[in-house]
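Counting starts at 1 for both ligands and their atoms, in listed order.
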Amino acid sequence: MSKPSELLSQIIKSGRKSLLETEAKIVCMDYGIPVTKFKLAKDEEEAVKLAESIGFPVVLKIVSPDIIHKSDVGGVKVDVKNAKEVRGAYSDILKNVHKNATKAQIVGMLIQEMAPSGTEVIVGSIKDPQFGPALMFGLGGIFVEVLKDVTFRVAPISQEEASEMIREVKAYPLLKGYRNTPPADTKAIAEILVKTSKMVMEHQEIKELDLNPIMVYEKGAKTVDARIILE
Ligand code: ADP
Ligand code: MG
């Protein structure tokens, strides 16, 4: 059995209602959910240094308690290949954010490893007033947003139930592999679902959780973005 996340317990106690991506990813790590390597930079010089220590290519993202959808305000730059590009991306993001989210408080810039592209899936959780925490699974992009091709289960779920959730989406054949595309590691996804189930059971204050997207590979999976909202 895992134990509650110390960071999440602290934030709940403080009364704050939303976690920064950095915090949400630390909570994920507390539950053994794989996430991209990341570091928080306070200025441009530090951003370059941290990018070099993580290794190129990297991704830069704005960190602000007032910005929930980072790419909507021009707050994300992917595939940043060298120190010069880090400086460019850093100032572009700040410019975009100042323009599109004028009043946002800025905590810093998240520098993270660029996950190789894979099949994008989404694991989510919402709290149903009647049934309590429930888990959601779907494939990324149009599958969830346009086609609403998702499955739900009330938490807690077992590894077997998690596997069922994955098999039940209409897009499942894409995970099984087709033509030249190898099968995705559905066991790794099921493990993330079970670990998320533990997290939301142990922290009933979680109102919404979104791991969107998770990159899934032939072997393993990695959470690229994480969002947690509290009641
Ligand atoms: P938001 O959902 O707040 O707009 P994300 O962190 O999800 O921001 O980033 C937007 C998109 O950029 C993601 O859906 C993903 O396609 C890509 N992306 C973000 N971080 C990474 C990363 N570390 N590696 C690879 N791709 C990434
Ligand atoms: Mg996202």
Side-chain angles (χ1 to χ4, degrees), residues 17-29 33-41 47-48 50-82 85-86 88-90 92-101 104-126 136-147 149-150 171 174 184-185 188-189 192 196 206 208-229:
K17 295 303 173 202
S18 71
L19 276 67
L20 300 169
E21 179 179 337
T22 43
E23 295 168 333
K25 281 183 167 168
I26 291 170
V27 175
C28 284
M29 288 160 67
I33 296 169
V35 300
T36 45
K37 225 182 278 167
F38 63 88
K39 288 177 176 167
L40 183 69
V48 171
L50 296 180
E52 280 165 348
S53 75
I54 287 172
F56 293 106
V58 293
V59 177
L60 269 67
K61 297 188 203 181
I62 195 70
V63 181
S64 163
D66 306 311
I67 299 172
I68 290 179
H69 298 288
K70 299 172 292 284
S71 36
D72 289 358
V73 296
V76 179
K77 294 272 177 193
V78 300
D79 204 18
V80 177
K81 293 188 187 72
N82 51 50
E85 286 190 13
V86 171
Y90 191 97
D92 282 354
I93 288 177
L94 287 188
K95 225 184 289 162
N96 294 340
V97 169
H98 285 139
K99 194 172 98 197
N100 302 322
Q105 178 211 331
I106 291 162
V107 175
M109 196 70 76
L110 191 54
I111 315 295
Q112 57 184 245
E113 103 187 69
M114 169 98 184
S117 66
T119 308
E120 294 193 9
V121 303
I122 300 174
V123 164
S125 175
I126 47 155
M136 190 217 82
F137 170 75
L139 269 76
I142 58 162
F143 294 99
V144 169
E145 278 160 32
V146 183
L147 304 172
D149 180 19
V150 292
L174 296 179
D185 191 343
I189 308 172
I192 292 176
T196 305
I206 296 176
E208 276 170 48
L209 170 150
D210 241 316
L211 308 181
N212 179 10
I214 300 168
M215 297 282 188
V216 191
Y217 306 107
E218 237 184 302
K219 206 164 172 0
K222 218 166 232 191
T223 303
V224 153
D225 183 24
R227 190 163 69 89
I228 295 177
I229 310 281

Short check: is a protein heavy atom less than 4.0 Å from atom 27 (C) of ligand 1? yes

With heavy-atom distances below 4.0 Å as the criterion, list the atoms of ligand 1 near [X].
{"X": "V59", "result": "20 (N), 21 (C), 22 (C), 23 (N), 24 (N)"}
{"X": "D225", "result": "1 (P), 2 (O), 3 (O), 5 (P), 6 (O), 7 (O), 8 (O)"}
{"X": "T36", "result": "23 (N)"}
{"X": "N212", "result": "7 (O)"}
{"X": "E120", "result": "16 (O)"}

Closest to atom 3 (O) of ligand 1 (heavy atoms only, candidates Q112, K61, K70, M114) is K70

Check the Mg ion (ligand 2) and write out every protein N, O or S atom at under 2.8 Å, as residue and atom. N212 O, D225 OD2

Can you tell me which residue and heavy atom of the protein come closest to atom 4 (O) of ligand 1, and the distance to 0.1 Å? S71 OG, 2.4 Å

For residues 137-146, please give each side-chain donor-acceptor pair under 3.5 Å, one per line with the distance, not counting sequence neighbours.
none

Does some non-hydrogen atom of I68 fall short of 4.0 Å from ligand 1? yes

Is the closest heavy-atom distance from R227 to ligand 1 below 4.0 Å? no

